[in-house]
2 protein chains.
Amino acid sequence: MITIDPSVVSTGKLHGFMLGAIGPRPIAFASTVDVDGNPNLSPFSFFNVFSANPPILIFSPARRVRDNTTKHTLENAQATKEVVINIVNYDIVQQMSLSSTEYGEGVNEFTKSGLTMVKSEKVAPFRVGESPVQFECKVNDIIPMGSEGGAGNLVMCEVLLMHVNENIVDADGRIDQYKIDQVARMGGNWYTRANRGMFEVPKPLSTIGIGVDELPEDIKNSTVFTGNDLGKLANIEHLPRKEEALDFVNKQDDIKNKIAQANPIEIHKFAKQYLDDNHIDIAWKILAAKL
Amino acid sequence: MITIDPSVVSTGKLHGFMLGAIGPRPIAFASTVDVDGNPNLSPFSFFNVFSANPPILIFSPARRVRDNTTKHTLENAQATKEVVINIVNYDIVQQMSLSSTEYGEGVNEFTKSGLTMVKSEKVAPFRVGESPVQFECKVNDIIPMGSEGGAGNLVMCEVLLMHVNENIVDADGRIDQYKIDQVARMGGNWYTRANRGMFEVPKPLSTIGIGVDELPEDIKNSTVFTGNDLGKLANIEHLPRKEEALDFVNKQDDIKNKIAQANPIEIHKFAKQYLDDNHIDIAWKILAAKL
């Protein structure tokens, strides 16, 4: 391991390491107005949801590392205590990036990026019409993390109203995770398009998995199974009974023939094919029949 | 748009909407110990970096929506003021998920998930040996967002020491964004594997882009270009001069022949091919030669 001591490395270098390590980071496309009502729009990836009740989103416009100045968004949030946080999908990522240009004060980034200003219902800042989800928020508090360049400022946003484009909602009324098509920030110039890498992991909450420690030794120490495989196998309430497994296996000719003469390694490899397809029940039946 | 008023919908429903909207969320795989030194390990997706100087990471173990109880991680962080935040890559996602099982107090999730306990240098909680990046942190403060089910608790973690696996570092000493292979949390049971959807967007900081508003009308109003295309085109300091563009085009026979008799729509479609490949300079030369 390479060890990095924040008290020794420069802020710029540490910043790079932290942003390369923590991600992908969701993007708050933050819309504010100044005291005269002039709009501002800028993206921030020090952002997330932190509470559902009360509904709190936090983003952090940090003091610039290079000259310790602050961003218009922070100044506006301090002055007016209102912000609209817009979610960024793939269709607007280039325009969002353009809006992060360091335009002078009073320049409207909605105009510069060609995005549509939509009036909010409860706050003065405008919504981004193209954004799939928009949060109208009041700013409860702003907590500075320090006073030097690179210091974050937590803008604590309480959601007053949430707007969801009906085109991204599924038949059950939930936000469709493919259709929302979120992008997120990574290190360097990298972004990721979330729906290109999606996979499901069943929640382990309803049952208490036996745990990897309770797996039979030959499975736990197998050269065939990865950590992910063991994690899947250990997420069952109890080991399948051998009779039950044999009963299942004997009814499936293809499986029965395949495992009849197989050695343990071959059995594990065969079971792994089912694990890879998330047919964990079948993988277990194969393994248990041979335990 | 569908409008959701937090003061009207149930916390559970609002929770689902917010988690479906804000993502992908990076995962803090948080390791703590109780006052007797018993280890605990649990993942949290209300997490991000919020400051580089001082280096502050925040995660939020929320009060459970269903019964307003708190998590062992929160209790341990309150009691000992120390935590190790481990980054989750694809190789350990199943074991991480297993560790989020609601095991009873005193059960060691390192053992249950089959992950390796590695001693830390500056704090008592253990690091996850398989994790590509580990942050040893002291807890500066814990800020409750409320007292009801669904209320977040901001665990403000200051990084004392950061450990990076040398296998994920590139030749320049930076964290390789493919090799770190982060996973992140989305709505429902969905996760995303960041490096499957990666793309680069050049930072617009060094130059002030002209903005979409300054693009020539026929480009801005073209039926061919998407918002992303306009965003790319608008990220230049000034429009290319026509002579310069003609000079370039006349030297490229394939381009010259292609655009000689083309109508504006055909020109835009031809330029778009270069935009799609991020050859923005060539796209501009083609467009400017015909302006």
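Only a predicted model underlies this, so the values are computations on that prediction, with no experimental measurement involved. Residue numbers begin at 1 in each chain, while the letters A, B, ... track the order of the sequences. All heavy atoms count here, side chains included; hydrogens, waters and symmetry mates do not.
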For A:E121, is it the side chain, the backbone, both, or neither that has a heavy atom closer than 4.5 Å to a heavy atom of chain B?
-> side chain
Apply the test salt bridge (charged side-chain N to carboxylate O under 4.0 Å, His left out) to residues A:R66 and A:E148: give CA-CA distance (whole Å), side-chain angles for both, the deciding distance (0.1 Å), then the verdict.
-> CA-CA 10 Å; A:R66 64 173 184 282; A:E148 302 297 315; over 6 Å; no
Could you tell me whether the side chain of B:F29 reaches within less than 4.5 Å of the side chain of B:I85, counting heavy atoms only?
-> no
With chain A, the option among B:G188, B:A194, B:G114 that has the most non-hydrogen atom pairs under 4.5 Å is B:A194
Under 4.5 Å to a heavy atom of chain A? For B:M156 that would be side chain
Chain A contact via B:L160 - which portion, at a heavy-atom distance below 4.5 Å = backbone
Considering only heavy atoms, which portion of B:L154 lies under 4.5 Å from any heavy atom of chain A: side chain, backbone, both, or neither?
-> side chain
In this structure, OG of B:S42 is separated from CD1 of B:I27 (nearest 0.5 Å) by 11.0 Å
Nearest-0.5 Å distance, CD1 of residue B:I58 to CG of residue B:D141 | 10.0 Å
For A:K220, does the NZ atom sit with more than 12 other heavy atoms under 6.0 Å from it, leaving out its own atoms?
-> yes
Against chain A, label B:E214 side chain, backbone, both or neither, depending on which of its atoms sit under 4.5 Å from a heavy atom there.
-> side chain
Does some side-chain heavy atom of B:R25 sit less than 4.5 Å from a side-chain heavy atom of A:V49?
-> yes
Checked A:A184, A:G149, A:S7 vs chain B; the most non-hydrogen pairs under 4.5 Å come from A:G149
Side chain / backbone / both / neither for B:T226 at chain A, heavy atoms under 4.5 Å | neither
Using a cut-off of under 4.5 Å on heavy-atom pairs, state which of A:V93, A:V133, A:L14 scores highest against chain B.
-> A:V93
Has the side chain of B:K112 got a donor or acceptor atom that lies under 3.5 Å from a matching backbone atom of A:I210?
-> yes
Check whether any side-chain N or O of B:Q182 sits under 3.5 Å from a backbone N or O of A:A21 as a donor-acceptor pair, and report yes or no.
-> yes
Counting only heavy atoms closer than 4.5 Å, note whether B:E136 contacts chain A via side chain, backbone, both or neither.
-> neither
Give a yes-or-no answer on whether the side chains of B:N48 and A:N48 include a donor-acceptor pair shorter than 3.5 Å.
-> no
Heaviest contributor of heavy-atom pairs below 4.5 Å to chain B, chosen from A:E158, A:M18, A:H15, A:R63, is A:M18
Will you find, in the side chains of A:K179 and A:N165, an N or O donor that is under 3.5 Å from an N or O acceptor?
-> no
So what's closer than 4.5 Å to chain A heavy atoms on B:F110: side chain, backbone, both or neither?
-> neither
Can you tell which part of B:S45 gets under 4.5 Å to a heavy atom of chain A, answering side chain, backbone, both or neither?
-> backbone
Which portion of B:L115 sits near chain A, non-hydrogen atoms under 4.5 angstrom | neither
Just by distance, do the side chain of A:N53 and the backbone of B:G150 share a donor-acceptor pair under 3.5 Å?
-> no
Per-residue contact mode, B:V65 against chain A (heavy atom under 4.5 angstrom) | neither
Would you mind checking which part of B:K122 comes under 4.5 Å of any heavy atom in chain A, side chain (CB onward), backbone (N, CA, C, O), both or neither?
-> side chain
A:F199, A:F135, A:Y103: which one forms the most heavy-atom pairs within less than 4.5 Å of chain B?
-> A:F199
With only heavy atoms counted, which part of A:I180 is less than 4.5 Å from chain B, the side chain, the backbone, both or neither?
-> side chain
Could you tell me which portion of B:I92 (side chain, backbone, both or neither) has an atom closer than 4.5 angstrom to a non-hydrogen atom of chain A?
-> backbone
Sort B:I87 into side chain, backbone, both or neither according to what part of it lies under 4.5 angstrom from a heavy atom of chain A.
-> side chain
In terms of heavy-atom pairs under 4.5 Å with chain B, the winner among A:S147, A:G146, A:P24, A:S113 is A:P24
Largest heavy-atom contact set with chain B, pairs under 4.5 Å, which of A:A234, A:G20, A:P54, A:G12 | A:G20
Keeping the roles fixed (side chain from A:S99, backbone from A:M96), state whether a donor-acceptor pair exists under 3.5 Å.
-> yes
Looking just at side-chain N and O atoms, do B:Q134 and B:N86 make a donor-acceptor pair shorter than 3.5 Å?
-> no
Side-chain donor-acceptor contact under 3.5 Å, A:E130 with A:T116 = yes
Which atoms of B:S10 come close to chain A, meaning under 4.5 Å heavy atom to heavy atom: side chain ones, backbone ones, both, or neither?
-> neither
